[in-house]
Structure formats: structure tokens, C-alpha cells
Amino acid sequence: MAELPKTYNPRDVEGPIYERWLAADVFAPDGAGSTADPALPPFTIIQPPPNVTGSLHLGHAQRTAVEDLLVRHARMVGHPTLFLPGLDHASIAAQFVLDGVIAKEGESRQSLGRERYLDRMRAFSESTKPVMLAQQRRVGASADWGRLRYTMDDGSAKAVRVAFERLYRDGLAYRTEALINWCPGCRTSVSDLEVVPTPETGTLWSVRYHLLDEATGQPSQDETITVATTRPETILGDVAVAVHPDDDRYRALVGRRARIPFVERDVPIIADDVVDRAFGTGAVKITPAHDQDDYVTGKRHHLPMPTILADDATVTNTGTRFDGLDRYEARELIVAELAARGDLVDQKPHEMIIGRCQRSNDVLEPRLKTQWFIRTKPLADRALDATRSGRTRILPERFEKTWEHWLTDIRDWNVSRQLWWGHRIPAWYCPDGHVTVSSAQDGPETCEVCGRPATELTQDPDIFDTWFSSGLWPWSTLGWPDDTPDYRTYYPTSVMETGYDIIFFWVARMMMLGLHLTGHEPFHTVYLSGLIRDPEGQKMSKTKGNVVDPLAVIDETGADALRFALIHGAAPGQDQRFGRTKLENARNFANKLWNATRFVVGARPSTIAEDAERRLPAESDLGPAERWLLSRASATTEAVDAAMAEFAFGEVTRLVYDAIWNEFCDWGVELAKVRLADESLPAATRETTWWALVEALDTYLRLLHPVMPFVTEQLWGALPHRASDPALLIVARWPAPGGRDERVEAEVGSIVELIRGLRNARAESRVEAKSWLPTEVAVPSAMGPTFEALRPAVERLARARPLERRLSREALGQGHGSDAGTLTVIAGELEAIARLPDGTADAAARDVERARLERELEEARGWLAGARARLANEAFVSKAPPAVVEGARAREAELVDQVERLEDRLADLGS
RNA sequence: GGGCGGUUAGCUCAGUCGGUCAGAGCGCCUCGCUUACACCGAGGAAGUCACUGGUUCGAGUCCAGUACCGCCCACCA
């Protein structure tokens with residue numbers, strides 16, 4: 001048994017405890033210290049890998065806390081548990097960060113070049129990795145560090161290649177020219193999910209295009225058609241003007257041609273019902289290469305699709321003087337020029353939604369590019385089937401709707417990125433344009449179409465969207481595509497815990513890819529956590545400066561308090577405001593537990609050897625207080641099991657918190673103190689009391705361990721163990737439910753209520769805290785033994801002495817009559833009268849007492865009226881379940897009795 | 001434009017199967033005799049469960065609608 005310092009200092013506890021776990025090798029399912037039951041199925045959590053871009057924030061700490069809670073619980077139950085940690089190379093996010101770093105050195109991606117840039121990136125990520133791993137250890141993650149994986153390691157690289165080739169061979173990956181979202185800042189395409197629709201006030205310009213005179217073929221001065229646009233620079237890419245087919249204003253113009261200014265291109269006026277007649281002028285300019293709607297329209301009408309913007313969003317390829325200008329400079333000049341020509345008909349502010357880059361915040365440009373896409377429809381159908389069939393469950397359930405909606409309307413996934421940091425797309429092109437996709441580490445030997453040698457092939461310069469490699473995470477980390485023991489044992493995994501904000505980015509893609517590539521749902525449960533917000537409800541972000549460093553919190557209050565605070569009061573999928581008070585509450589709780597354990601350890605009767613084995617006392621030796629304690633521990637175990645089964649972790653912490661603080665400490669310990677100090681009792685009785693305390697505390701430490709692993713481990717180490725217990729709590733067995741004693745719970749419960757009542761009455765009547773009041777209690781004979789066993793405790797805790805027992809209510813107060821000097825307390829079947837100290841029993845005291853009793857009477861009458869009204873309702877009696885009616889009747893009888901007694905007492909008090 | 005969530009004590013939030021569930025923490029007010037704990041103990045005050053209607057014997061809980069707040073999805077120039 002370890003010594004417990006007088007004060008709880010998490011810093012002294014947590015580091016050494018983590019070292020002990022590591023030394024004992026208990027994290028790995030096949031570690032030397034594992035106590036797993038091989039007969040039970042494995043429990044696997046693959047950690048959502050945090051980005052290597054820097055340090056972890058509170059959201060990560062919350063993730064880790066929840067995952068670790070699940071893993072520790074499963075480990076204690078006896079499952080072989082794998083908690084596999086990892087890191088994500090975070091392609092675009094990492095490049096964004098590194099670009100910022102090197103910019104300060106006057107360098108850029110372009111100035112460094114691909115290879116030097118990648119070297120720089122590798123060095124950068126190697127520098128952040130240890131920081132992040134250390135943070136996770138501080139939080140207490142019981143992860144199997146020996147199996148640590150990284151999305152850029154060789155295993156992941158192989159998985160990416162093989163996965164892509166499989167998808168390609170199966171017709172689910174294809175390369176095509178399509179309109180994609182282009183970020184001029186990041187110089188890459190991004191997926192639809194990375195577009196942030198941003199409301200902005202722009203300008204809607206109305207521009208007049210001149211129709212061609214049918215006779216001369218020259219632009220007419222008079223005949224014009226006015227189009228509305230928010231992006232005048234795209235005029236340079238216009239290939240048509242569209243109107244609605246049923247629009248009478250323009251019907252006659254359909255089929256004629258108009259001259260596009262600057263590029264002097266003559267384009268047709270076409271009819272298409274995508275046009276909204278009510279918007280703008282009802283005539284739309286069509287720029288297929290730079291607008292989603294126009295692209296579709298252009299396809300439909302077989303229009304040409306000139307690209308007029310370069311990668312850096314400068315105008316290009318128009319043959320005008322705008323070439324080389326930034327898109328916004330060009331816009332300004334074009335507007336000015338149009339105005340000068342008299343063709344700018346109108347301009348007005350316009351509220352619109354503009355797509356910005358999730359990473360750089362640049363305004364995205366739709367552009368035509370040849371890219372690789374994943375055909376998602378067939379994959380999405382299987383993913384939908386997984387959740388609809390219940391093979392995979394999403395918690396909280398409401399997210400299944402979101403899931404359904406997104407997967408039903410899913411569009412193909414652009415996976416090409418024009419970035420450097422990531423997995424290169426394993427596609428090679430030969431001079432004849434043939435495509436060879438190969439998962440071979442060194443690429444294909446020949447073009448698979450024409451047989452040209454590898455030396456003549458060029459690999460696609462692009463890399464994969466970072467989510468492509470993370471989308472393979474649950475199985476690539478276990479050795480896939482190889483048939484490894486880990487893959488066979490731990491896949492499919494158990495629970496995927498992550499934030500709801502990446503359900504599409506990540507969870508849906510893992511599900512889609514996993515089903516196709518491995519044939520299994522990658523996890524049976526998806527648990528979505530809510531987001532951590534600051535005390536004002538704001539999302540935490542670096543730019544707002546409200547990001548909290550978990551390490552700072554841990555330094556101050558300990559990892560246990562942080563974990564408890566993050567889990568306590570959090571409902572699944574529900575955002576949570578996080579601030580000091582929650583943290584302080586959690587720290588206070590840890591402190592409370594520490595001191596309670598210290599008391600128990602210090603209260604060991606001298607007749608028990610310090611190194612005695614923990615043993616449950618003989619049933620017959622247990623008094624009511626001891627039975628109550630053990631029964632309540634069982635009740636808590638049952639409730640915690642139920643909450644765990646429903647992933648209601650906030651409920652778990654609430655249950656354990658209440659049980660430890662309000663039951664174990666407030667009553668268990670207080671009742672035990674009286675017996676432990678009672679020299680008149682036989683030593684064996686006191687030993688029994690102590691063993692019951694130890695037993696209950698042992699149970700609570702086990703129940704709390706998944707949430708607060710460090711402090712519980714430390715405290716458990718200070719308690720006596722059984723021979724069958726392992727050396728460490730982390731691998732000890734989860735408590736088994738059972739052993740409730742409802743009668744003793746009720747009886748001790750009413751004695752507790754009596755003590756509370758007496759304390760309340762004393763406080764109301766302003767009885768000095770230190771004074772002892774002579775008290776009589778009427779105790780029904782059935783409760784006699786329990787009362788007698790607890791009599792010393794009632795005396796001390798209610799400060800009632802001498803305490804005399806009466807057999808009936810009628811026998812109360814015989815000794816001194818009914819005068820102003822008494823307090824009456826009714827607690828269930830028990831009733832007590834306490835006599836006020838001499839000198840305080842005056843008329844004023846009587847008024848206070850009467851007022852208190854009248855208040856209670858009023859309240860009881862109110863309840864009684866309610867109960868009677870219910871029972872008087874015939875519909876209730878006939879339709880409600882018999883048990884409910886019975887309960888109401890019993891309640892009524894109880895209230896009748898209570899009202900009677902209060903009335904009697906008030907009558908006795910006189911006026 | 002669709003979809004989802006939130007609205008419960010001064011503040012932050014729980015509340016599962018409709019039935020004494022009106023709950024917790026913090027804050028607030030009284031009082032502290034008692035060698036585990038002042039990061040504590042005892043006691044207390046405090047809510048028309050956003051609003052309207054409905055279903056039901058019974059609604060914080062289920063249904064419909066309304067009002068705010070927030071989020072997600074969506075090709076209106």
C-alpha cells in the first residue's frame with residue numbers, strides 16, 4: 001500500500017502513474033501486463049489522427065478523453081483492447097501553416113521547389129510530432145504507442161496506392177476534365193466540402209450586349225440585350241446569352257447573336273429554362289468555364305468553354321489588354337470601360353453567397369481542370385445500407401438524417417490536389433495519352449495500353465486530397481492491404497469517436513471506402529461528440545485568440561479534472577461551453593475523493609494488519625449502515641452500466657459524482673465514523689465497518705477510473721487488495737452488479753431523512769450548532785433493529801442527546817408535554833420531538849416552529865389534493881396501469897397520515 | 001430554399017420508456033459543534049420547463065404550428 005500525501009497534487013500523481021502504466025506494459029492488448037480475457041471479443045478504437053500542424057487544443061483533449069474512457073472501460077471489462085494512436089499529415093492544412101512559416105524567412109513554395117519544400121515539411125512535422133504525442137500522454141491516453149501510425153508512413157502509402165488502383169480497376173476512379181473549385185491562394189483545387197459559403201454584399205452590374213444586325217453582321221447600336229452579372233471579368237469568357245424559353249420579352253431574340261465586348265466574340269442567344277425570369281434582367285450571360293450553372297448549360301448546348309483565368313487568378317488567354325491582370329483589377333477596368341461606352345446600364349448592391357476557401361479564405365474560382373474523381377454514388381449506396389440496416393449505428397441518432405441527406409445527394413469526389421505534401425497519385429501517362437494506374441511501389445514498368453517503357457511515362461504531378469488517406473485509416477493502420485494478424489484480429493473496429501463537424505469529410509468516406517475495399521463496415525458505432533466552445537459560446541479559434549491549451553489546464557488542475565470536466569455535463573453531439581467553473585468543480589471532486597480515501601486509509605482499525613488482504617466481511621456481521629453502503633455501491637454500478645451501454649457519459653459522471661460525494665462521503669463515511677470511534681463495540685464489528693468502507697470505495701474507484709484514471713489509480717494503490725487483484729487498477733476488473741438490499745436502503749434512507757429533518761428544524765429555529773437537544777423518536781417496531789444499530793449515529797449527526805426511542809407516536813412528548821420548547825420532525829414513518837435548550841423556549845421560538853410546521857402542512861396538503869384529484873378521476877383509475885394507480889394510492893395514504901400528524905402537532909402547539 | 005439543433009433556477013447545463021423528476025454545478029443567503037476534505041461541512045431561497053393548440057386518464061417529455069438563437073446542406077447570374 002502506498003502512502004498518500006496529505007494534499008492532493010495532481011502533478012505529483014499523474015506523471016509517475018503514467019510511467020507505471022508504461023512500465024507494466026498494460027496499454028497494448030498483447031502487452032505483458034494485459035489481463036484481458038481472450039474469450040471476449042476485441043474492442044478497437046482507432047484514434048482520429050490529429051493534424052501534425054502543431055499543438056492540440058481542448059477539442060482534441062475531449063476526443064482523447066472520450067476514446068480513452070471507452071477503452072479503459074472495455075479493458076476493465078476484460079476485452080482485449082486496442083487503442084491505436086496516430087497522426088495525420090494534413091496535406092493542405094500543413095502546407096498552409098508551413099507556407100506562413102517560410103514566408104517569414106522570405107521564402108515561398110516556388111522559391112524552394114518541390115524537393116526542398118518537402119524536406120522542409122518533413123522536418124517541420126517531425127518537430128511537431130513529439131509535442132503532440134506528449135500532450136496525449138499528459139491527457140492520459142492509454143494508447144498502444146508501439147502501434148503508432150502516421151498517414152505518411154510506408155504502410156499508409158501502400159494502402160493509398162492499392163486502394164486507388166482497386167477503385168480504378170473497379171471503375172470507381174476516373175480522370176476527366178470538369179469544373180472544379182480552384183483556390184488561387186493555395187494554388188490547388190479543393191473538394192466541395194472545403195468550400196465555405198460566405199454571405200457578402202457584392203454588386204450586380206447590368207451590362208448591355210449589342211445584338212448583331214442580321215443584315216450586316218455588325219453590332220447594332222439600338223438592338224441590345226441586357227444581362228446581369230456579379231463578376232464582370234467573366235464577360236471575357238462568355239459564349240452565349242440565355243433567356244427563359246417562355247419569356248415574351250426575349251422570345252423574338254432567341255437564335256440571334258450578340259457581340260461580347262473586348263473579346264469581340266459573337267455568341268448565340270439561347271433559350272434554357274434554368275433562367276429565372278424574375279432575377280435581374282431575365283437574361284443571363286453564359287461563362288461555362290467559370291461558373292457551375294453555366295457549365296451545365298454550356299454542356300447542354302454544346303458551347304465552347306474558353307478558360308480565361310490562370311492558376312493565380314489573373315486574366316489569361318483572352319487576347320485583350322486585360323491579360324495578366326488580377327481578376328479584381330480586370331473587373332474594375334472592365335466596369336469602367338463599359339461605363340465609358342455607355343453599356344453599363346445599372347449597378348446596385350447585391351447580397352450574395354460567395355464560395356471561399358476553408359483554409360486560406362480566398363475567393364474560389366470555378367475552373368475547368370483535368371482531375372481524378374471518385375465515383376461516389378455506388379459507394380454511398382452501400383454506406384446508406386450500412387446505417388439503414390443498423391449494422392452501423394450513429395450516435396446521437398439524429399445525425400443519421402444528416403448522413404442520409406448528404407449521401408443521397410452526393411456528388412463525385414475530386415481527389416486531385418495540386419499540392420506537394422501528400423501521397424502522389426499513382427497514375428502515369430504515356431506520350432500517347434494512355435493512362436496506367438499502378439500500386440507498385442516503383443510505379444509501372446510499362447504503359448499498360450501500348451507497352452512503352454517506364455522511362456517514357458510521366459507520373460501525375462498531383463497528390464491526393466488528404467482525406468483520401470485518412471479515409472483508409474481504420475484498416476490501413478492495421479496492416480491492410482496485407483492480411484496481417486492485427487487486421488484479422490482488430491478489424492472491423494468497434495467505435496469511431498469524432499466530432500460531428502467531420503462526419504462528411506471523414507466518417508462517410510471511411511464508410512464508403514471501407515465497405516468497398518474491405519467488405520466490412522469499418523466500425524459498428526459512430527459516436528459524435530459536440531464541439532468545445534468558450535464560455536461565451538464562441539467557437540474556439542486561433543484568430544479569435546480564445547483557444548485554450550490543454551497543457552496549461554492540466555498544469556493547473558490536473559488531467560483528471562480536465563477529463564472529468566470535459567465529459568461531465570456533455571451530451572452527445574451537443575456543443576459545450578467550457579470554462580473555469582466546470583474545471584474547478586471537477587478539481588474539487590478529485591480533491592474530495594482524495595481526502596475521503598485518505599480518511600478510509602487512516603481509519604483502519606489497529607486490529608487489521610496494514611498489509612491485510614481485502615475481504616468482504618461475513619454477511620451476518622454487517623450492520624444496516626454497512627449493508628446500505630454496499631447496496632448503494634451496487635445500485636450505482638447498475639446505473640453506470642446502463643449509462644455506459646447508451647454512451648451516456650455525462651450520466652456516468654453524474655452518477656459516480658453523486659454516489660461518491662452525496663452518499664459515500666456525506667453518509668457512508670459519517671455513519672462509519674461513529675462506529676469506528678465507538679470503543680464499546682467489539683473489534684470485529686469495527687473491522688466490519690471498515691471493510692465495508694473499503695469495499696464500497698474500491699467499487700467507486702473502479703467505476704470512476706475510465707474518467708479519472710490517474711487519481712483513481714493512485715488512490716486504489718493505497719487500499720488493500722485481494723489476492724486475485726492485479727497490481728494496477730487500469731487492468732483490474734470492472735465491478736459486477738448485484739447484491740442490492742432494498743429494504744435496508746429504505747430504512748437507512750428514512751433515518752437519513754430524520755437526521756436531515758432535525759438539522760433543518762434546528763437551523764430554522766436558530767438552535768446553536770453546538771447544543772445538544774434531548775430528543776424522542778417514535779420508531780415502528782419493524783425498524784427497531786436498524787434504528788438501534790444507528791442510534792449513536794443519529795445522536796451524533798443530529799446532535800440529539802439523550803435520544804430516547806418510543807414505540808408509537810402517541811408515546812411522544814409524554815415526558816414534558818407540549819409546549820413552546822419543542823421541534824417536531826416527521827420523516828416517513830419516523831417522527832421525532834426535540835426539546836429546545838432552556839432559555840430559548842419562548843413564544844418567539846414557538847412562532848418559528850409553528851410557521852415551519854404550517855409550511856410543511858400546506859405543502860403536504862397541496863400534494864394530497866393533487867393525489868386525491870388524480871384518484872377521483874375515474875378515467876385515471878380505469879386506464880392507468882395498475883402499478884401507477886397503486887403507487888398513487890400508497891402515496892395518498894402516506895400524505896393523509898402526514899397531514900394528520902402535522903395537524904395534531906399544530907393543535908398541540910396551540911396558538 | 002431544404003434539414004437539424006437549442007429555448008428548463010441569476011449563469012452554464014442534465015432530464016432515457018409519457019406516470020412524485022422539477023434536477024446538478026456555479027452564484028446567492030444563514031450557520032459552522034464535529035482531527036478526511038474551507039478545493040470543506042450543515043441548512044436555505046430560487047423555475048408558468050419559450051409561446052399557441054392538439055393527442056392522452058396523465059405532457060418538460062409525443063404531435064402540429066409560432067417566435068427568437070445557432071448549425072448543416074443547397075448551382076440563382
Side-chain angles (χ1 to χ4, degrees), chain A residues 4 6-8 179 193 197 204 227-231 234 242 274-276 278-281 283-287 291-297 350 352-353 366 396 398-399 401-402 404-406 409 500-501 503-504 531 535 537 557 561 568-571 573-582 584-603 642-643 646 648 650-651 654 657-658 665-666 669-670 673 756 759-764 766-772 796-797 799 863 866-867 870 873-881 883-885 887-888 891:
Chain A
L4 286 183
K6 188 164 173 12
T7 52
Y8 166 56
L179 203 67
L193 284 175
L204 185 65
V227 297
T229 181
T230 56
R231 294 189 297 160
T234 63
V274 295
V275 179
D276 177 356
F279 187 89
T281 61
V284 189
K285 57 192 273 315
I286 302 294
T287 322
D291 182 275
Q292 194 62 241
D293 289 336
D294 294 2
Y295 177 71
V296 176
T297 309
H350 181 59
M352 54 190 198
I353 307 285
R398 65 184 137 88
F399 281 99
K401 273 193 183 174
T402 316
E404 281 273 335
H405 185 252
W406 191 73
D409 296 332
Y500 66 77
D501 53 336
I503 183 170
F504 306 137
L531 272 31
T557 62
H568 192 59
Q574 204 62 48
D575 292 356
Q576 140 171 231
R577 294 184 194 202
F578 196 83
R580 288 213 70 77
T581 55
K582 284 184 179 179
E584 279 169 8
N585 183 233
R587 187 221 26 208
N588 294 351
F589 178 51
N591 187 249
K592 181 80 179 175
L593 182 64
W594 179 275
N595 283 299
T597 306
R598 217 159 50 79
F599 168 78
V600 171
V601 170
E646 292 173 38
E651 179 72 1
R654 195 188 64 74
Y657 181 98
D658 286 350
C665 292
D666 288 354
V669 167
E670 294 306 320
K673 273 181 188 172
R756 282 211 177 103
R759 284 169 167 177
N760 173 343
R762 291 169 62 109
E764 295 259 340
R766 310 233 164 237
V767 174
E768 272 192 67
K770 62 185 170 202
S771 60
W772 295 82
R796 177 163 147 182
L797 300 180
R799 264 187 123 61
W863 288 118
R870 216 147 57 116
N873 184 345
E874 204 166 316
F876 171 73
V877 178
S878 59
K879 291 190 179 175
V884 174
V885 178
R891 179 71 180 145

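Residue numbers start from 1 in every chain, and the chains themselves are labelled A, B, ... in the order their sequence lines are given, proteins ahead of strands. Side chains included, hydrogens not; waters and symmetry mates left out as well; all remaining heavy atoms used.
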Hey, does [X] reach any base, or is it just sugar-phosphate, or nothing, if we go heavy atoms under 4.0 Å?
| X | answer |
| --- | --- |
| A:A571 | sugar-phosphate |
| A:P366 | nothing |
| A:W863 | base |
| A:D658 | nothing |
| A:E874 | nothing |

Which heavy atom of [X] sits nearest a heavy atom of [Y], and at what distance?
| X | Y | answer |
| --- | --- | --- |
| A:E670 | A:D666 | CG-O, 3.0 Å |
| A:R799 | A:W772 | NH2-NE1, 3.0 Å |
| A:E651 | A:A643 | CG-CB, 3.7 Å |
| A:D291 | A:P366 | N-CB, 4.1 Å |
| A:L204 | A:T230 | CD1-CG2, 3.7 Å |

Would you say [X] reaches [N]'s phosphate, i.e. side-chain N/O to OP1/OP2 under 4.0 Å?
| X | N | answer |
| --- | --- | --- |
| A:K401 | B:rC4 | yes |
| A:H350 | B:rA77 | yes |
| A:N588 | B:rC40 | yes |
| A:K6 | B:rC37 | yes |
| A:R799 | B:rU34 | no |

Can you tell me how far [atom1] in [N] sits from the matching atom in [M], rounded to whole Å?
| N | M | atom1 | result |
| --- | --- | --- | --- |
| B:rG41 | B:rG25 | P | 10 Å |
| B:rC62 | B:rU7 | P | 11 Å |
| B:rG53 | B:rA14 | C1' | 28 Å |
| B:rU8 | B:rU61 | C1' | 12 Å |
| B:rA24 | B:rU35 | C1' | 31 Å |
| B:rC37 | B:rA42 | P | 14 Å |
| B:rC28 | B:rU12 | C1' | 16 Å |
| B:rG19 | B:rG60 | C1' | 13 Å |

(Q) Can you say whether a donor on the side chain of A:K592 sits under 3.5 Å from an acceptor on the base of B:rC37, or the other way round? (A) yes
Q | Donor-acceptor pair (no angle test) under 3.5 Å: A:R398 side chain, B:rC4 base | A | no
Side chain of [X]: nearest nucleotide among [options]?
| X | options | result |
| --- | --- | --- |
| A:E651 | B:rA14, B:rC37, B:rA74 | B:rA14 |
| A:N585 | B:rA77, B:rG25, B:rG44 | B:rG25 |
| A:T229 | B:rG19, B:rA77, B:rG5 | B:rA77 |
| A:N591 | B:rC73, B:rC37, B:rC57 | B:rC37 |
| A:D291 | B:rC37, B:rC31, B:rA77 | B:rA77 |

Searching all strands shown, indicate the nucleotide that pairs with [N] (Watson-Crick or G-U wobble; both distances under 3.5 Å).
| N | value |
| --- | --- |
| B:rC28 | B:rG44 |
| B:rG18 | none |
| B:rG5 | B:rC69 |
| B:rC62 | B:rG54 |

What is the distance, rounded to the nearest whole Å, between atom [atom1] of [X] and atom [atom2] of [N]?
| X | N | atom1 | atom2 | result |
| --- | --- | --- | --- | --- |
| A:Y657 | B:rA24 | OH | P | 11 Å |
| A:R598 | B:rC39 | CZ | P | 14 Å |
| A:E584 | B:rC11 | CD | C1' | 14 Å |
| A:R870 | B:rU56 | CZ | P | 18 Å |
| A:F599 | B:rG41 | CZ | C1' | 14 Å |
| A:R766 | B:rC29 | CZ | C1' | 10 Å |
| A:D501 | B:rC71 | CG | P | 13 Å |
| A:H405 | B:rC73 | NE2 | P | 11 Å |

Q: Tell me, please, whether A:F599 has A:K673 positioned over its six-membered ring: NZ or CZ under 6.0 Å from the ring centre and within 45 degrees of its axis?
A: yes
Q | Short side-chain donor-acceptor distance under 3.5 Å, A:N595 and A:R598 | A | yes
**Q.** Nearest-nucleotide 5' precedence on RNA chain B, A:Y500 against A:T230
**A.** A:Y500
Q.
Quick check on RNA chain B: between A:K673 and A:G650, whose nearest nucleotide comes earlier from the 5' end?
A. A:G650
Q. How should the glycosidic conformation of B:rC17 be described, syn or anti, under the criterion that syn lies within 90° of 0?
A. syn
Q: Classify the angle between the aromatic ring planes of A:Y500 and A:F399 as parallel (below 30°), tilted (30 to 60°) or perpendicular (above 60°).
A: parallel
